[in-house]
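Here is the structure we will look at, set down as structure tokens.
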Amino acid sequence: RDIYQLEWSLLSARPEFVLDWYETHLARRGFQVTITTDTEKTKLLTFHSSQIGGALSIQDEEDRDGTDKTLLTIQIQSR
């Protein structure tokens, strides 16, 4: 399997927007999506299909607009 990680820091978008955007767009493309954590400072979404799975972690520690850190991990099964 192949694993990819993408990380963003200091996004202007609020954490709730980032979580909602990924939840909506992954579901539209046929992924099973589960929000496993949704607190003020941490949000975690997992997703999977037959060949692809992953997680989106959102951290927001600072008291400012936007999102401090977002980490997207994608696992693709080898054929």
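Below, each value reflects all heavy atoms present in this structure, side chains not excepted, and no hydrogens, waters or symmetry copies. When a residue number appears, it is its place in the shown sequence, counting from 1.
Cluster annotation: W21 and L10 are assigned to distinct hydrophobic clusters (Ile/Leu/Val/Met/Phe/Trp/Tyr, side-chain heavy-atom contacts under 4.5 Å, transitive). Note: the hydrophobic cluster containing I76 also contains L6 (ILVMFWY, side chain heavy atoms under 4.5 Å, direct or indirect links).
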Practice problem: Could you please spell out the steps behind the side-chain contact (heavy atoms from CB on, under 4.5 Å) verdict for D60 and K41? | Solution: CA-CA 5 Å; D60 194 39; K41 295 183 182 248; 5.5 Å; no
Quiz item: Can you check side-chain contact (heavy atoms from CB on, under 4.5 Å) on D38 and L19, steps first, answer last?
Solution: CA-CA 9 Å; D38 190 357; L19 182 68; 4.1 Å; yes
Practice problem: Could you give me the CA-CA distance, side-chain angles and deciding distance for T70 and L56, then say whether side-chain contact (heavy atoms from CB on, under 4.5 Å) is met? | Solution: CA-CA 7 Å; T70 302; L56 177 73; 3.4 Å; yes
Exercise. Could you check F47 against I74 for side-chain contact (heavy atoms from CB on, under 4.5 Å), going step by step and ending with a plain yes or no?
Key: CA-CA 9 Å; F47 59 92; I74 303 167; 4.3 Å; yes
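Considering every non-hydrogen atom in both L45 and Y22, the closest pair reads CD1-C, 4.5 Å. Contact record, G66 with P15: O-CD, 3.5 Å, taken as the closest heavy-atom pair.
Side-chain atoms of L72 and W8, non-hydrogen and from C-beta on, do get closer than 4.5 Å to each other. A heavy-atom distance below 4.5 Å is not found between the side chains of I35 and T37. Side-chain contact between E16 and K43: present, with at least one pair of heavy atoms (C-beta onward) separated by less than 4.5 Å.
To the nearest 0.5 angstrom, K69 atom NZ is 12.5 Å from I58 atom CD1. Summarising the geometry, atom CD belonging to E23 is positioned 11.0 Å from atom CZ belonging to R28; distances are rounded to the nearest 0.5 Å. Rounding to the nearest 0.5 Å gives a distance of 10.0 Å between OG of S57 and CD of Q5. To the nearest 0.5 Å, atoms NE2 (H25) and CG (D20) are separated by 9.5 Å. For the atom pair OG1 (T73) and OH (Y4), the distance works out to 13.0 Å, reported to the nearest 0.5 Å. One distance of note links CG of L44 with OG1 of T36; it measures 3.5 Å at 0.5 Å rounding.
Within the 3.5 Å criterion, the main-chain N or O of A13 finds a donor-acceptor partner in the side chain of T67.
Crowding of E61 atom CD: a count of heavy atoms from other residues, nucleotides or ligands under 6.0 Å exceeding 12. Annotation for D2: atom CG counts as buried by contact number, over 12 foreign heavy atoms lying within 6.0 Å.
Side-chain contact of Q75 with R1: a donor-acceptor pair under 3.5 Å is present, judged by distance alone.
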